[in-house]
Amino acid sequence: MTGSPYLTDEHEAFRQSVRTFLRKEVTPYAPDWERDGTMPRSAWLAFAAEGLLGLNHPRSVGGAEKDIFHSVVFLEELGRMGFGGVRFAVALHAYMATSYLSTGGSADLRERYLRPAVAGERIAALAITEPQAGSDLSLLAATVRDDGDDLVIDGEKRFIVNGLFADFFVTAIRTGASATGQGDLSLCVVDGDSPGVRVVPNDCVSWRASGMADVTFTGVRVPKANLIGRRNSGFMQIMKNMQLERLAAGITAVGDAAERLEATWRFLREREMFGSTLSAKQAVRHQMADLLTEVTATRQLAYHAAWSYARDPLSINECSMIKLKATELARTVAEHCQRLHGAEGFRAQSPFVRRVQDAQAATVAAGASEVMRDIVARSGFEELR
Ligand SMILES: Cc1cc2nc3c(=O)[nH]c(=O)nc-3n(C[C@H](O)[C@H](O)[C@H](O)COP(=O)(O)OP(=O)(O)OC[C@H]3O[C@@H](n4cnc5c(N)ncnc54)[C@H](O)[C@@H]3O)c2cc1C
């Protein structure tokens, strides 16, 4: 018995295998990847060999087509591992960029891009954000010109996770005549090695191993067959796939916060001053008890959101709530835990500083907290209208 109505013994056994894999294949090397700002190909292949890049993808392209709680367990463990760059590189590849191909890609696109992505042979990035268009996608400006069977793309994309080493970009473009608005956006796949694609490292202080980059497309030629779904259906596709992106961001944040708290509690039990350990001081105990209560409640919200998403992929309210709640909580936990470690928490190279920076960025990426609040205020009270 797992003690959770959502998780079976099979899920818990899977959790142990994921934990063992991460301890063996990732944690020892992740500090180097974070330092170098990239993840080696061998790491991607190792994730794929373990079946972790295709848990949610169909068997027809080599995926495992497991129920949502296998993904929940994987994402929670990915968050617990504590290396934000690795966590987001992998989550973005498996749950964010490639989900557009799973849900809307043609059979041909699935064969050419999704199958090798599940196998870890081709790395995916998601290129939506632009200098003027982050929260407000109606300002998206990347343009295309029709030229026979091709689209010719010009545009600038910013803060693209996996950008430095991506083999392909799932890219949002404007395919209609209007300069603003949501009605004529489309998504297409751009090969990373296409002429006219320029990738420049982005110096973001967070998620270092994720190969974050700014990407410019100048006259990039893409076959129209690379359009994902119908032309001008991009906004609906983004709305649909965003829910998985936000759910995944929330679940990894729960894992991150839970691990931080446990590690800090171990430290507090060892650290002695004024005649007792820090863990015995009421001010500290109460702080930790409040945070543990919050993490426990948020984990249940995450499981509920996952259950809800499995029934309806347009569970906008639940996915926005968990993105908001879990990423804000992980930031609060990271900051408290940093301070409870005293001065050691502020060494530039300490994991505490990195955890805070990574957690802060997660409250902006995939939709800033203010945007999540707006969505929840709108959709959460809908039935009272
Ligand atoms: C670490 C990281 C990784 C990322 N990875 C990717 C990626 O792989 N691909 C990709 O396409 N994009 C990526 N992004 C971009 C991300 O999606 C955007 O940063 C996000 O959508 C916010 O857009 P913006 O940065 O342009 O901020 P803006 O839209 O300019 O907003 C600035 C701030 O204004 C506030 N705000 C926004 N809207 C409202 C509102 N309605 N009411 C009140 N306040 C508001 C928020 O505090 C927000 O942070 C990443 C970002 C980060 C930080």
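In listed order, ligands and their atoms are each counted from 1. Throughout, residue positions are numbered sequentially from 1 according to the sequence presented.
- Less than 4.0 angstrom separates atom 41 (N) of ligand 1 from at least one non-hydrogen atom of the protein.
- Of the polar atoms of Val371, none of the N or O atoms is found under 3.5 Å from an N or O of ligand 1, judged by distance alone.
- Here is the list of ligand 1 atoms found below 4.0 Å of a heavy atom in Ala361: 1 (C).
- Of the possible polar contacts, none joining the Lys157 side chain to the Thr129 backbone as a donor-acceptor pair under 3.5 Å is found.
- Close approach to Leu126 involves these atoms of ligand 1, each under 4.0 Å from a residue heavy atom: 7 (C), 8 (O), 9 (N), 10 (C), 11 (O).
- When atom types are taken as modelled, the side chain of Arg299 and the backbone of Val254 share no donor-acceptor pair closer than 3.5 angstrom.
- The closest approach between Ser206 and ligand 1 stays at or above 4.0 Å for every heavy atom of the residue.
- Every N/O-N/O distance between Glu130 and ligand 1 stays at or above 3.5 Å.
- Asp214 and Asn202 form a side-chain donor-acceptor contact under 3.5 Å, judged by distance and modelled atom types alone.
- Taking all heavy atoms of Gly134, Gly84, Ser135 into account, the minimum distance to atom 31 (O) of ligand 1 is reached by Ser135.
- For ligand 1, the polar-atom distance check against Asp374 finds a nitrogen or oxygen pair separated by under 3.5 Å.
- Ligand 1 has no N or O atom lying under 3.5 Å from any N or O atom of Met212, backbone or side chain.
- Taking all atoms of both residues into account, the shortest heavy-atom contact from Ser71 to Leu55 is OG-CB, 4.0 Å.
- Every atom of ligand 1 is numbered from 1 in the order shown, and the set under 4.0 Å from a heavy atom of Ala368 is 46 (C), 48 (C), 49 (O).
- When each atom of ligand 1 is checked for a heavy atom of Ala366 under 4.0 Å away, the hits are 17 (O).
- Nearest heavy atom pair, residue Gln237 against residue Tyr100, reads O-CE2, 3.7 Å.
- Looking only at heavy atoms of the protein, atom 13 (C) of ligand 1 is closest to Phe159 O, 3.1 Å.
- The existence of a salt bridge linking Arg15 and Glu77 is confirmed by a sub-4.0 Å separation between a basic side-chain nitrogen and an acidic carboxylate oxygen.
- Closer than 4.0 Å to atom 47 (O) of ligand 1 lies at least one heavy atom of the protein.
- Residue contacts with ligand 1: Val161 is placed with a nitrogen or oxygen under 3.5 Å of a nitrogen or oxygen of the ligand (distance criterion only).
- Those atoms of ligand 1 with a heavy atom of Leu92 less than 4.0 angstrom away are 8 (O).
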Set out, in order, the CA-CA distance, both residues' side-chain angles and the distance that settles side chain to side chain donor-acceptor pair (under 3.5 Å) for Arg269 and Thr277, then state yes or no.
CA-CA 6 Å; Arg269 274 195 330 209; Thr277 63; over 6 Å; no

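- Within 4.0 Å of atom 33 (C) of ligand 1, not a single protein heavy atom is present.
- The existence of a salt bridge linking Arg41 and Asp167 is confirmed by a sub-4.0 Å separation between a basic side-chain nitrogen and an acidic carboxylate oxygen.
- Atoms of ligand 1 found under 4.0 Å from any heavy atom of Val364 (numbered from 1 in listed order, with element): 19 (O), 20 (C).
- Taking only nitrogen or oxygen atoms, main chain and side chain alike, Ile160 does not reach within less than 3.5 Å of ligand 1.
- Distances from ligand 1 to the non-hydrogen atoms of Lys157 include no value under 4.0 Å.
- In Gln132, the CD atom is not crowded: 12 or fewer heavy atoms of neighbouring residues, nucleotides or ligands sit closer than 6.0 Å.
- Listed for the Arg122 side chain is no donor-acceptor partner under 3.5 Å among the backbone atoms of Val118.
- Of all heavy-atom pairs between Phe69 and Tyr303, the closest is CZ-O, 3.5 Å.
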